Amino acid sequence: MAEGKEESKSSEESVKLFVGQVPKHMTEPELLAMFQEFALVDEVNIIKDKATRVSRGCCFVICPSREEADKAVNACHNKKTLPGASSPLQVKYADGELERLEHKLFIGMLPKNVSEVEISALFSQYGTIKDLQVLRGSQQTSKGCAFLKYETKDQALAALEAINGKHKMEGSSVPLVVKWADTEKERQARRAQKAQSQASNVPHSDSQHPSLFGALPMGYVPPYNGYGYQAPGGYGLMPYRMPPMQSQHGFHNMMPHMNHQGNALRPDLGPNMNPRNYHVAPASYVGSYPAVTGLQHPMAYPTGMISPRPMNASPGSVSPASGNNNTAASSGGSKNSGGQVEGPPGANLFIYHIPQEFGDEELANAFQPFGMVLSAKVFVDKATGVSKCFGFVSYDSPEDAQSAISMMNGFQLGGKKLKVQLKRDNKQGKPY
DNA sequence: TCATATT
């Protein structure tokens, strides 16, 4: 109630688009007017930070039909850059929209020798099949599952309800599994989860106990990890019953088994390293960074170094910045996650060649000796969570940024040398 | 290699 209208009309045909590279100062009416030049648009919703209500630089656009939505996409995506934005508008179907519109089903528990023709014969009883694809391995052998698209949602639903858990293909002792196909987002989530579970199999052994790795049983998988994925959707969310075992088996066929732990999971172990040699540091450990605690003082300060702020603590202490205690990056609850705080002009740094294992916090720690760190952000791959090895650090004063550059640019961290420079500024300065 | 973000 307090927020006004709860949600907009979402008829079956209307299509939601996600739009990125929207300047934060633009209003919904302005955006609506702009998009209406290209397509019928029912509504624009700016996506705002939950806490601050400030625009996150993107919005949703609701179009009455797929045709209209496509017009907006074709006219705007990568086609025009709004004043203040650094790159062209990104206009695409919002997460889950395409899947919703495609009425795409997953079919599991198919006997391996069943072909498209037989599946088609069964499923065409319930509607017009627009697309059907059996998943196959390298030798064209069926993986026992398929994707199928119907013309309408009603058809898909009818097939789902009639077949899932009920219909057995000829010669099979188990019924088919039919469910809505995962959305792209769900797949990404699963990928990320898998990547993370693999990472957690080699838990920071670099810093403290490299030998621990060799002590783990070969087949060790953390208990919470289970199969490394979850049954899609979660049973509680499904509007129909799916026998749990079938669901798991169906996906078991699709998912590679957890690998035996080997050097493939240890990029830092050379090909000749085996667990029996773990007590010898691999060459790549030499420059490797011992996680957070070791980072308090990335460099030996030149004796004559002028500290940007008066510091009582000696360079060897753990809190060099005690004189400029910074709330943004280190202490307390305001962790500055998500919304990036930008410092004044000249106080924002772009950093490249950040060690892979660094996260926001490690980056902040590395740069806080030079001033008040307003924000520190390491960019990570959306799907895998892996660091892209670059990021940003913002100070509250350009002088701090300069001293960070002079001290940290070229500083060897891990295998590579940091590149530290002022962040590019896309904003056009005030015209006077 | 420069803030890509899904109410």
Side-chain angles (χ1 to χ4, degrees), chain A residues 2-10 15-28 31 42-62 69 73 77-78 81-82 84-100 183-189 192 328 336-343 345-356 359-360 363-364 373-395 401 405 409-410 416-427:
Chain A
E3 295 299 325
K5 56 175 184 286
E6 280 296 316
E7 67 180 53
S8 52
K9 55 178 177 291
S10 66
V15 176
K16 175 155 57 177
L17 299 175
F18 175 83
V19 180
Q21 295 302 321
V22 176
K24 292 191 190 345
H25 58 79
M26 287 192 75
T27 66
E28 288 173 351
L31 288 161
D42 292 329
E43 193 173 325
V44 171
N45 298 121
I46 289 178
I47 299 167
K48 311 184 192 75
D49 181 273
K50 209 179 336 155
T52 69
R53 308 302 299 172
V54 59
S55 166
R56 304 188 67 157
C58 48
C59 70
F60 289 119
V61 168
I62 315 287
V73 171
H77 179 65
N78 270 140
T81 301
L82 265 22
S86 54
S87 41
L89 277 177
Q90 300 300 108
V91 186
K92 42 205 238 209
Y93 284 39
D95 282 350
E97 276 304 86
L98 203 50
E99 293 84 353
R100 182 179 71 78
T183 66
E184 178 64 26
K185 198 178 193 177
E186 288 166 323
R187 296 216 304 273
Q188 279 182 4
N336 180 18
S337 53
Q340 292 91 349
V341 186
E342 185 149 344
N348 304 290
L349 300 178
F350 171 73
I351 296 127
Y352 194 56
H353 292 162
I354 298 170
Q356 187 89 53
D360 295 353
L363 183 63
V373 174
L374 298 179
S375 70
K377 180 98 198 139
V378 174
F379 276 72
V380 298
D381 182 273
K382 227 183 329 203
T384 66
V386 172
S387 165
K388 292 187 165 172
C389 299
F390 74 89
F392 298 91
V393 168
S394 293
Y395 291 103
I405 290 174
N409 186 39
K416 295 175 184 169
K417 292 181 175 176
L418 285 182
K419 181 171 291 190
V420 182
Q421 45 194 216
L422 285 178
K423 176 177 120 51
R424 213 181 281 149
D425 195 0
N426 284 313
K427 286 184 298 229

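Everything quoted here is computed from the prediction, not taken from an experiment. Below, read A as the first sequence line, B as the second, and so on, with proteins coming before strands; counting in each chain starts at 1.
Taking the 5.5 Å centre cut-off and the 30° plane limit, the aromatic side chain of Phe379(A) is not classed as stacked on dA3(B).
The salt bridge (charged side-chain N to carboxylate O under 4.0 Å, His left out) check on Lys185(A) picks up Asp95(A), with sequence neighbours excluded. Applying the side-chain hydrogen bond (donor to acceptor under 3.5 Å, both in side chains) criterion to Glu184(A), with sequence neighbours excluded, gives Arg187(A).
Contact annotation: Gln21(A) reaches the phosphate of dT4(B) (side-chain N/O to OP1 or OP2, under 4.0 Å).
Picking from dA3(B), dT6(B), dT1(B) the nucleotide with the shortest atom distance to the side chain of Ser375(A) gives dA3(B). Minimum atom distance to the side chain of Phe18(A) is reached by dA5(B), of the listed dA3(B), dT1(B), dA5(B). Side-chain proximity of Tyr352(A) to the nucleotides dT6(B), dT1(B), dA3(B) is greatest for dT1(B). Checking dT4(B), dC2(B), dA3(B) against the side-chain heavy atoms of Ser394(A) singles out dA3(B) as nearest. When the nucleotides dT4(B), dT6(B), dT1(B) are ranked by their closest atom to the side chain of Ser87(A), dT4(B) comes out on top.
Without hydrogens or angle criteria, Asn348(A) side chain to Gly343(A) main chain gives a donor-acceptor distance under 3.5 Å. No donor-acceptor distance shorter than 3.5 angstrom exists from the side chain of His353(A) to the backbone of Leu418(A), with no hydrogens or angles considered.
Spacing between atom CZ of Arg424(A) and atom P of dC2(B) amounts to 6 Å, rounded to whole angstrom units. Regarding Lys417(A), its NZ atom lies at a distance of 18 Å from the C1' atom of dT1(B), rounded to whole Å.
Heavy atoms of Ser55(A) sit nowhere under 4.0 angstrom from any nucleic acid atom. No engagement by Lys24(A) is indicated, since no non-hydrogen atom pair under 4.0 Å with the nucleic acid exists. If you check every strand for non-hydrogen atoms under 4.0 Å, Lys382(A) touches a base.
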